[in-house]
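One structure is given here, and the rest of the page talks about it.
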Amino acid sequence: MRHGHSHGHGHGHGHVPGQPADAPTTTFLDDIVSRDGELKRWGTHADGTAKVHTRFPPEPNGYLHIGHSKSICLNYGLALRNKGKFNLRFDDTNPAKEEQEYVDAIKRDVKWLGADFENGPAAGGVFWASDYFEKMYDYAMDLVNKGLAYVCELSGEEVSKRRGTPSVPATSPFRDRPIAESQRLFKEMREGKHPTGAMTLRAKIDLASPNFNLRDPVMYRILHEEHHNTGKAWCIYPMYDWAHGIEDSLEGITHSICTLEFENHRPLYDWFINSINQSRAEKIHHSQQIEFAKLQITYILLSKRNLLKMVQSGTVRGWDDPRMPTICGFRRRGYTSESIRAFCDDVGVTRTESLIDIGRLENACRDHLNKVAPRRMAVLDPVKVVIENYPEGQVEEFEAVNNPEDESKGSRLVPFSREIFIDRDDFMENPPKKFFRLAPGTEVRLRAAYWIKCVGIEKDANGNITLIRCTYDAATRGGENPPPGPDGVQRKVKGTIHWVSAAHAVNAEVRLFDRLFKVEEPSKATGNYVDDLNPDALKVVANAKIEPSILQIGKDEPAWADGIRRFQFERTGYFALDADSKPDAKPAALVFNRTVSLKDTWAKIADKA
RNA sequence: UGGGGAUUAGUGUAACGGUAGCACAACUGAUUCUGGCUCAGUUAGUAAAGGUUCAAAUCCUUUAUCCCCAGCCA
């Protein structure tokens, strides 16, 4: 259905009418794939469908972020939809920046996202650019032999000076040196006979090109550094432009998908492969580079350099700080991979640069968690309520629904007693008109328990409410409506609030996250993200009160694939149990991260007033 | 200044010469033992100007605005 011939040209993005909600989404990339299929450009499977082989090629020099997830999802999705393959490839051509730690984290994150490169229908495997160094060297020497590359002894600084301007060509005094000399020097470069930076191998293209990428770009530089994969085997390393097309070629990649800033590199990508193929009997595979607009999201900074800085400067607690836009940050915060995938699907893939509202990511998360997260009651900012007409020492257990979205999840028992906690937000001494919660003289429903009415409050010397006195109506047991009065009038209650029995409450630390930046486009105004940091991005609640069922793993809890327990704390938001928790300690030490709050229309009303 | 791209409601995204649609946001209302979810509805768009055509978001011309490019980073 991906080509959607049943609805016009049908290459539209979005769900195909008449298909299940999780039906594949198509993009302009699918158009290209289907056109290639018609032209049999890359060959076909037995059933006539076009061959598709994609890859995700991160450099292991940092952690993956939400922007990468767009690339991962689109590459994996394209392969999956077209019965193709998807490779994970480490583009490890710069030993100065790359580390094993990043390799491990990237593998973990790509897998978590669901782009399984090792198992499953689209698994293509794990590859390394560094495994191709020998082949790349051979091809480079081939270009030297053909007079298409030369060794240049200009220093980096000199190259920069001689780069020229749009109207002034670049220059290099080494451009026309004899082929034999370049052959010898390139060999010497490899053999380590020259120090770092002494010379480079350059492609001989066009020093006057208005596209600076074609002004004899560097193919190899000397770097006397140990590589995390090849160790000391090499002291020359290929540049991205030279390496990437060869990597794609060797892996049989059909569609080499990258971001828009590489558009100016495409002529170079093609020039390199064509030059290798020049007068070659057996041509090497030439994959097609296609660019798309990278993901940008409001209030989020997505640049590896800056993320690294935030980690190193201690602005956040690490790469997986729940406030970080890294994949591991979102995971720790409680986001599900399903919701990130849904988000990527939602924003689509185009060549138009856009800025996505962070709310759409939050919505995707709420959407998924609403369906699957077990409900619990938790009071984040507790204030004590005494129910004066409820017998001292008595405990009742009420059945509370585990997930109104999923009846099969059943219900659990929640203990109730004379003293309970409610959230401070759910009481107002002088409420405005539309306040439906507890206030002096008004009545609310305690979820799954009783209706209570406020009959008095106590305050400390500073005027803070320390205690709320209430009475309950025994006829509302289980939260049910009481029978109609003698006049036949059904008494009603506008609000239902959550609560936790004081004697049974489990203490927990709750971490409330806000956006890391105060402005939609961090660092845009001053060029320095530090100016835009939100100092209140983390609020820690030390003594939240949670219903006791939280200590056991409930029958209603899903078998979370990543092992992270997630809940909806009713009327508050979605929360995930953090790895800092010590559930087996006595008493248990629980730490919850607020993944995302529930939508709060009351807050909106209150803000307006 | 040279080259390469982009431009459809507030934000994204469809429509590939033939009815400008969808999602999210916003706003109404209904429903509700979560001010959640759900449901119903409303608002709102082809950057501008010319041209070709029976017909233009789509083709042509000009203009405007935005993004990318002068690393031995990727």
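Chain letters run A, B, ... following the sequence lines, proteins first, then strands; residues in each count from 1. Computed from a prediction, not measured in an experiment: that's the story for all the values here.
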Checklist line | salt bridge (charged side-chain N to carboxylate O under 4.0 Å, His left out) pairs, two or more places apart, involving residues 347-356 of chain A | finding: A/Glu263-A/Arg351, A/Glu291-A/Arg351
All ring-ring contact (aromatic ring centres under 6.0 Å, His included) counterparts of [X], not counting sequence neighbours:
X        : value
A/Phe186 : A/Tyr137, A/Tyr220
A/Tyr237 : A/Phe133, A/His227
A/Phe427 : none
A/Trp499 : A/Phe416

What are the residues of [range], sorted by number, that bring a heavy atom to within less than 4.0 Å of RNA chain B?
range                       : result
residues 297-308 of chain A : none
residues 364-374 of chain A : A/Asn370
residues 196-212 of chain A : A/Gly197, A/Thr200, A/Pro210, A/Phe212

Next item on the list: State the dot-bracket string of RNA chain B. Criteria: Watson-Crick or G-U wobble, both atom distances under 3.5 angstrom; notation: ( ) intrastrand, [ ] crossing earlier pairs, | interstrand, . unpaired.
Entry: .((((((..((((....[..)))).(((((.......)))))....(((((..]....))))))))))).....
Less than 3.5 Å apart, which donor and acceptor atoms pair up between the side chains of residues 59-73 of chain A and the rest of the protein, not counting sequence neighbours?
{"from": "A/Glu59", "atom 1": "OE1", "to": "A/Asn61", "atom 2": "ND2", "distance (Å)": "2.9"}
{"from": "A/Asn61", "atom 1": "OD1", "to": "A/Lys304", "atom 2": "NZ", "distance (Å)": "2.6"}
{"from": "A/Tyr63", "atom 1": "OH", "to": "A/Glu101", "atom 2": "OE2", "distance (Å)": "2.8"}
{"from": "A/His65", "atom 1": "ND1", "to": "A/Gly67", "atom 2": "N", "distance (Å)": "2.9"}
{"from": "A/His68", "atom 1": "ND1", "to": "A/His65", "atom 2": "N", "distance (Å)": "2.9"}
{"from": "A/Ser69", "atom 1": "OG", "to": "A/Ile66", "atom 2": "O", "distance (Å)": "2.4"}
{"from": "A/Lys70", "atom 1": "NZ", "to": "A/Ala293", "atom 2": "O", "distance (Å)": "2.6"}
{"from": "A/Ser71", "atom 1": "OG", "to": "A/Asn75", "atom 2": "ND2", "distance (Å)": "3.4"}

Margin query: Treating primed atoms plus P, OP1 and OP2 as sugar-phosphate and everything else as base, which nucleotides of nucleotides 22-30 of chain B get B, S or - for protein heavy atoms under 4.0 Å?
Written below: -BSSSS---
Margin query: So, does A/Ser167 get its side chain near the phosphate of B/U1, meaning an N or O under 4.0 Å from OP1 or OP2?
Written below: no
Run the side-chain donor-acceptor check on residues 595-609 of chain A: report pairs under 3.5 Å with partners two or more places apart or on a different chain.
{"from": "A/Thr595", "atom 1": "OG1", "to": "A/Arg333", "atom 2": "O", "distance (Å)": "2.6"}
{"from": "A/Asp600", "atom 1": "OD1", "to": "A/Trp602", "atom 2": "N", "distance (Å)": "3.2"}
{"from": "A/Asp600", "atom 1": "OD1", "to": "A/Ala603", "atom 2": "N", "distance (Å)": "3.0"}

